[in-house]
Novice: 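Please read through the structure below; I'll follow up with questions.
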Amino acid sequence: MTSDTDRTAAKTTDAPAAHDWTDIQARWQAERDAATARRKAERTALLAALRGLGVEEVEIAYDGYGDAGNIGEVTAVPAGIGLGGLEERLGDFAWSTAYDLHPGFENNDGGEGVVTWDIGQDRITVDHANFYSERSEYLHEDVE
């Protein structure tokens, strides 16, 4: 049989450790900085590869809802240029770019957008939309 002293001891040893929020925020920032550095390196590599293929622009569609997301069509301009293995990398790059601007957009009602990359100017535009449910309430009292 367990005594009250044993139960109390178990509760104190099983208690979660206090959080050091400064440390947690520092780790989050370090993770974000590392992700930004990876994205910049990938941008540089993709830019060189796309210029080498003669690509002038790429458009990457994405969407997400209900805790999942997808990369849609990846389109290169001029048409007819085969992207090969770059298509998946472009999708990952577009997703991380959009996600950095709108973290969590794939949750609940979700969101969608298009990442357009002007290769000649090395300019990226993200056209993004968040979806949400709305509610209107009405109260009618003493209606006859």
Side-chain angles (χ1 to χ4, degrees), residues 2 6-144:
T2 306
D6 292 338
R7 279 192 216 100
T8 304
K11 287 181 184 177
T12 57
T13 57
D14 293 341
H19 296 288
D20 178 0
W21 292 111
T22 304
D23 181 54
I24 291 170
Q25 288 176 328
R27 283 187 280 146
W28 284 344
Q29 187 61 50
E31 289 172 12
R32 186 177 174 116
D33 292 345
T36 298
R38 285 191 302 274
R39 193 172 51 259
K40 285 182 179 182
E42 182 68 345
R43 179 178 183 159
T44 300
L46 285 169
L47 184 64
L50 292 167
R51 284 180 173 166
L53 291 172
V55 175
E56 297 170 9
E57 181 179 277
V58 290
E59 285 189 357
I60 305 108
Y62 63 89
D63 66 70
Y65 61 91
D67 302 334
N70 301 295
I71 294 298
E73 191 172 356
V74 177
T75 307
V77 175
I81 295 178
L83 296 174
L86 293 179
E87 192 168 323
E88 184 175 340
R89 286 176 60 194
L90 284 165
D92 291 344
F93 175 75
W95 183 272
S96 67
T97 300
Y99 202 86
D100 187 53
L101 296 169
H102 300 278
F105 74 83
E106 82 288 4
N107 295 319
N108 303 319
D109 291 346
E112 67 182 7
V114 175
V115 175
T116 304
W117 191 359
D118 178 329
I119 301 303
Q121 300 290 320
D122 188 21
R123 288 188 57 157
I124 295 175
T125 302
V126 179
D127 185 5
H128 180 85
N130 284 323
F131 304 135
Y132 60 92
S133 295
E134 196 172 298
R135 176 179 162 159
S136 297
E137 293 186 32
Y138 305 91
L139 175 63
H140 305 277
E141 295 181 331
D142 297 326
V143 177
E144 292 186 35

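Both backbone and side-chain heavy atoms feed into the values below; hydrogens, waters and symmetry mates do not.
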Novice: Gln121 and Asp118: which non-hydrogen atoms are nearest, and at how many Å?
Specialist: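 Looking at all heavy atoms of both residues, the closest pair is N-OD1, 2.9 Å.
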Novice: Of the non-hydrogen atoms in Pro78 and Gly54, which two are nearest, and what is the gap between them?
Specialist: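 Shortest heavy-atom separation between Pro78 and Gly54 comes out as CD-O, 3.6 Å.
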Novice: Could you tell me the separation between the CH2 atom of Trp95 and the OG1 atom of Thr97, rounded to the nearest 0.5 Å?
Specialist: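 So the CH2 of Trp95 and the OG1 of Thr97 are separated by 12.0 Å.
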Novice: Under the salt bridge (Lys or Arg N to Asp or Glu O under 4.0 Å) rule, collect the residues that match up with Glu144, sequence neighbours excluded.
Specialist: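 Applying salt bridge (Lys or Arg N to Asp or Glu O under 4.0 Å) to Glu144 gives none.
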Novice: Show the numbers, then the answer: is there a side chain to side chain contact (heavy atoms under 4.5 Å, CB included) between Ile60 and Ile71?
Specialist: CA-CA 7 Å; Ile60 305 108; Ile71 294 298; 3.8 Å; yes
Novice: Report the distance from atom CD of Glu88 to atom CG of Asp92, rounding to the nearest 0.5 Å.
Specialist: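 Separation between the atoms: 5.5 Å.
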Novice: What side-chain donor-acceptor pairs closer than 3.5 Å can you find for residues 42-53, not counting sequence neighbours?
Specialist:
from	atom 1	to	atom 2	distance (Å)
Glu42	OE1	Arg89	NH2	3.1
Glu42	OE2	Arg89	NE	2.8
Glu42	OE2	Arg89	NH2	3.3
Arg43	NE	Asp122	OD1	3.1
Arg43	NH2	Asp122	O	2.9
Arg43	NH2	Asp122	OD1	3.0
Thr44	OG1	Lys40	O	3.1
Arg51	NE	Ile119	O	3.2
Arg51	NH2	Ile119	O	2.9
Arg51	NH2	Gly120	O	3.3

Novice: Restricting to side-chain contact (heavy atoms from CB on, under 4.5 Å), what partner residues turn up for Glu31, sequence neighbours left out?
Specialist: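 Scan of Glu31 (side-chain contact (heavy atoms from CB on, under 4.5 Å), adjacent residues dropped) gives Trp28.
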Novice: Report the residues that fulfil side-chain contact (heavy atoms from CB on, under 4.5 Å) with Arg38, sequence neighbours left out, ordered by chain and then residue number.
Specialist: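 Residues passing side-chain contact (heavy atoms from CB on, under 4.5 Å) with Arg38: Ala34, Ala35.
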Novice: Is it true that atom OH of Tyr99 has more than 12 heavy atoms of other residues, nucleotides or ligands lying nearer than 6.0 Å?
Specialist: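 Buried by this count: over 12 neighbours within 6.0 Å.
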Novice: Just list the side-chain donor-acceptor pairs under 3.5 Å for residues 102-112, sequence neighbours left out, or say none.
Specialist:
from	atom 1	to	atom 2	distance (Å)
Asn107	ND2	Gly104	O	3.3
Asp109	OD2	Ser133	N	2.5
Asp109	OD2	Ser133	OG	2.7

Novice: Please name the pair of heavy atoms, one in Tyr62 and one in Val126, separated by the smallest distance, quoted to 0.1 Å.
Specialist: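 Between these two residues, the closest heavy atoms are OH-CG1, 3.6 Å.
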Novice: Quick one: list whatever passes side-chain contact (heavy atoms from CB on, under 4.5 Å) with Ala61, sequence neighbours left out.
Specialist: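 Counting only residues at least two positions away or on another chain, Ala61 forms a side-chain contact (heavy atoms from CB on, under 4.5 Å) with Val114.
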Novice: How long is the straight-line distance from CD of Glu137 back to CG of Leu139, given to the nearest 0.5 Å?
Specialist: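 The CD atom of Glu137 is 9.0 Å from CG of Leu139, to the nearest 0.5 Å.
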Novice: Please check this pair: side chain of Asp20 against backbone of Thr22, looking for a donor-acceptor N/O pair closer than 3.5 Å.
Specialist: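 Flag set: sc Asp20 to bb Thr22 pair under 3.5 Å.
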Novice: Nearest 0.5 Å please: distance from the CZ atom of Arg32 over to the CZ atom of Arg39.
Specialist: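 Nearest 0.5 Å value for the CZ-CZ distance: 8.0 Å.
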Novice: Determine the sole option in Thr116, Leu90, Ile124, Thr75 for which the side-chain contact (heavy atoms from CB on, under 4.5 Å) test with Val58 is passed.
Specialist: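 When Thr116, Leu90, Ile124, Thr75 are each tested with Val58, the side-chain contact (heavy atoms from CB on, under 4.5 Å) holds only for Leu90.
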